[in-house]
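Computation of the quantities below employed the complete heavy-atom set of this structure, encompassing side-chain atoms and omitting hydrogens, waters and symmetry-equivalent molecules.
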There are 2 protein chains.
Amino acid sequence: MRPTVQDVARQAGVSLATVDRVLNRRPGVRKVTIAKVETAIAALGYIRDISAANLAKQQAYRFAFVIPDGSNSFMHGLEAEIEAVKLHSAANRTEISIYKVPTFDSLALAATLDRLDPRHCSGVAVVATEDVVVQDALARLCQNNIPVVTLVSDTPARQGQTYVGIDNVAAGRTAGRLMGSFLGARSGKIVLLAGSMVLRDHVERHMGFDQVIISDYNQLQCLPIIESMDDSGIVKQRLRRCLAAHTDIVGIYNMGAGNRGLIEVLSADSAGNKHVVVAHELTEHTRRALNTGTFDAIIHQDAGHEVRSALRILKAQIDKTPLLAGQETIRIEIYLNENM
Amino acid sequence: MRPTVQDVARQAGVSLATVDRVLNRRPGVRKVTIAKVETAIAALGYIRDISAANLAKQQAYRFAFVIPDGSNSFMHGLEAEIEAVKLHSAANRTEISIYKVPTFDSLALAATLDRLDPRHCSGVAVVATEDVVVQDALARLCQNNIPVVTLVSDTPARQGQTYVGIDNVAAGRTAGRLMGSFLGARSGKIVLLAGSMVLRDHVERHMGFDQVIISDYNQLQCLPIIESMDDSGIVKQRLRRCLAAHTDIVGIYNMGAGNRGLIEVLSADSAGNKHVVVAHELTEHTRRALNTGTFDAIIHQDAGHEVRSALRILKAQIDKTPLLAGQETIRIEIYLNENM
DNA sequence: CTGAAAGCGCTTACAG
DNA sequence: CTGAAAGCGCTTACAG
């Protein structure tokens, strides 16, 4: 049988309450007593049962997910994954709320974060922009001892904040390698599409992509970035103009959203399939594009994994328990038509 | 506050014990009583607290992992991942034992499975061969109500057995697509390496690879499979002979283990880097081969994910709780030098 | 077929 | 600074 607090108390010659005090590093215990208890713990190889502790504490976790509103399919997927864990969370004394904030609206995001009441919120997971008002709001949460996890897009590192998402520079490099490998000996221009260069994830992907193309494929040239605010309509319009202006385009890399616009332009273009196309995030639309050969590869991050990882990280911080190494690394996934 | 069994008992006008009987579908309760309790549960929106239930039951999980012994790096990685969860398992009333069995030795495997005592074993995860003696031993475990998970290589579907691993046909198709895409317009022969065609995962990968090459790349021809018993030495010897016999080899696909032998041959061969090489499983050795450009792509499965998934599935079967959809799908991961 | 009481391994006021 | 007792939300003999 595994030793319990009872066994530790008996072995140390103290009461349950004192064992508890030592276990939880509560103040007001004499050094000698602490030593006695710790000796007993070591001697018995005592390990605390966290479920029992949580039951006694009536510990309940109340987490807030703050994510962008709008038509972005990836964010819809993220929301669906949050809803999925919500269904099972009640059985684990966990309550999850979702707050949606207009895309690209840092003020609204900061206001939403400020409105979270520390008494009813034990942790926050947020898809953050890099704006100062947002960073300040996050800092205030941390001051109130509310653990924060940032999702999808990294933020300047800060105490009490953990990033859960892919390494976007490496993701860009991966896209670059796929583009170069798939083009083989062909030479020509590459179209670069992004949502906005104020989004850190897009900037990082761009860096990575450029690095690889410049160093390893000098028969390929990247055109200046086309920004679309992640809007399919804008993608369509600007991409059409760009394709018309150049005759030697061989590849397209979309590092942002708005894939529906991209797909529409390429499907309409009779010569569309001659391009190598790499984009991000597996969704209903990009899946079909892979199927039909309109897209050649998708770089993906697993939204479900990110949601569950965020929850595990927040809980571990609250319970002061260690995390399982490796489980929380979000992988840069590559999808071709065959491995979806 | 969330309703508890107390609330249900009061609302239904019965005792705690009766609520418990209904909750756990234990026999010996009148239909009318069951109905009363179920009405109360529905009215209150009662959800059972699983941790509390496990505490009261003194439920302890004792799991056995049965894996192949030997020099296979992937299996070493798998073992390391099991050791990693072991470290944290004590805090969750979980005990994990590892049993190692000589590779390719179905009799020893079956004997090990038969030796597992149902009284001290609440679930089994096994890397199984497809031999009848093994299938029979697994069937006996299921008869004793011990849930079984098969890892890495699928087995003929059976009640009470869940497969945790990748779809190996799709993995083969993915390898084929990478090979074809990376070779571009080049034509020639492809070397196929496998451990043994009695391993279901290797057979399935072969099928998938062939499908894609035959249907989409008729400038490429696959040579007859070279079997190596997953032994680097045999890989080296047979591959050298094969490379010497053909002048127009453009690609190599290793669907099995023994990558060290493959790497050695290619590194020694001055012309080695002209081949496109696709292999399986990220390990210390294949990582380096990707880095140096000896390998072009690796198809990978996450051993850590498989271990944790196996545990969640076994626990869910024991607790009769539902699984989180999506979390248990093992992905076919593609690695290039840039996304490791 | 049903219920009262004790217990699982912790934590929490409260008393001293 | 320390301890006795009650309680968290369940389950389990045992009695009737």
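Ion pairing between a basic and an acidic side chain is recognised when a charged N comes within 4.0 Å of a carboxylate O; Arg2(B) and Asp7(B) show no such pairing. Checked for salt-bridge contact, Lys86(A) and Glu95(A) miss the test: no charged N lies under 4.0 Å from a carboxylate O. Checked for salt-bridge contact, Arg140(A) and Asp114(A) meet the test: a charged N lies under 4.0 Å from a carboxylate O.
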Q: Report the C-alpha distance between Glu328(B) and Ser309(B) in whole Å, list the side-chain angles of each, state the deciding distance to 0.1 Å, and finish with yes or no for side chain to side chain donor-acceptor pair (under 3.5 Å).
A: CA-CA 6 Å; Glu328(B) 314 310 347; Ser309(B) 188; 2.4 Å; yes
**Q.** Trace of the salt bridge (Lys or Arg N to Asp or Glu O under 4.0 Å) decision for Arg93(B) with Asp49(A)
**A.** CA-CA 8 Å; Arg93(B) 348 177 120 260; Asp49(A) 183 324; 2.6 Å; yes
Q) Does the pair Leu109(B) and Asp131(B) meet the rule for a side chain to side chain contact (heavy atoms under 4.5 Å, CB included), with working shown? A) CA-CA 10 Å; Leu109(B) 176 52; Asp131(B) 215 303; over 6 Å; no
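Contact annotation: Thr18(B) side-chain N/O to dG3(C) OP1/OP2 distance is under 4.0 Å. Side-chain N/O atoms of Thr33(B) include one lying less than 4.0 angstrom from OP1 or OP2 on dT2(C).
Partners of Tyr61(A) under the ring pair (Phe, Tyr, Trp, His ring centres under 6.0 Å) rule, at least two apart in sequence or in another chain, are Phe63(A).
Listed for the Thr33(A) side chain is no donor-acceptor partner under 3.5 Å among the backbone atoms of Val29(A).
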Q. What does nucleotides 6-16 of chain C look like as a protein-contact string, B for base, S for sugar-phosphate only, - for none, at under 4.0 angstrom between heavy atoms?
A. -BBBBBB----
Q) How does DNA chain D read in dot-bracket, base by base from 5' to 3', with Watson-Crick or G-U pairs under 3.5 Å and | used when the partner is on another strand? A) |||.||||||||.|||
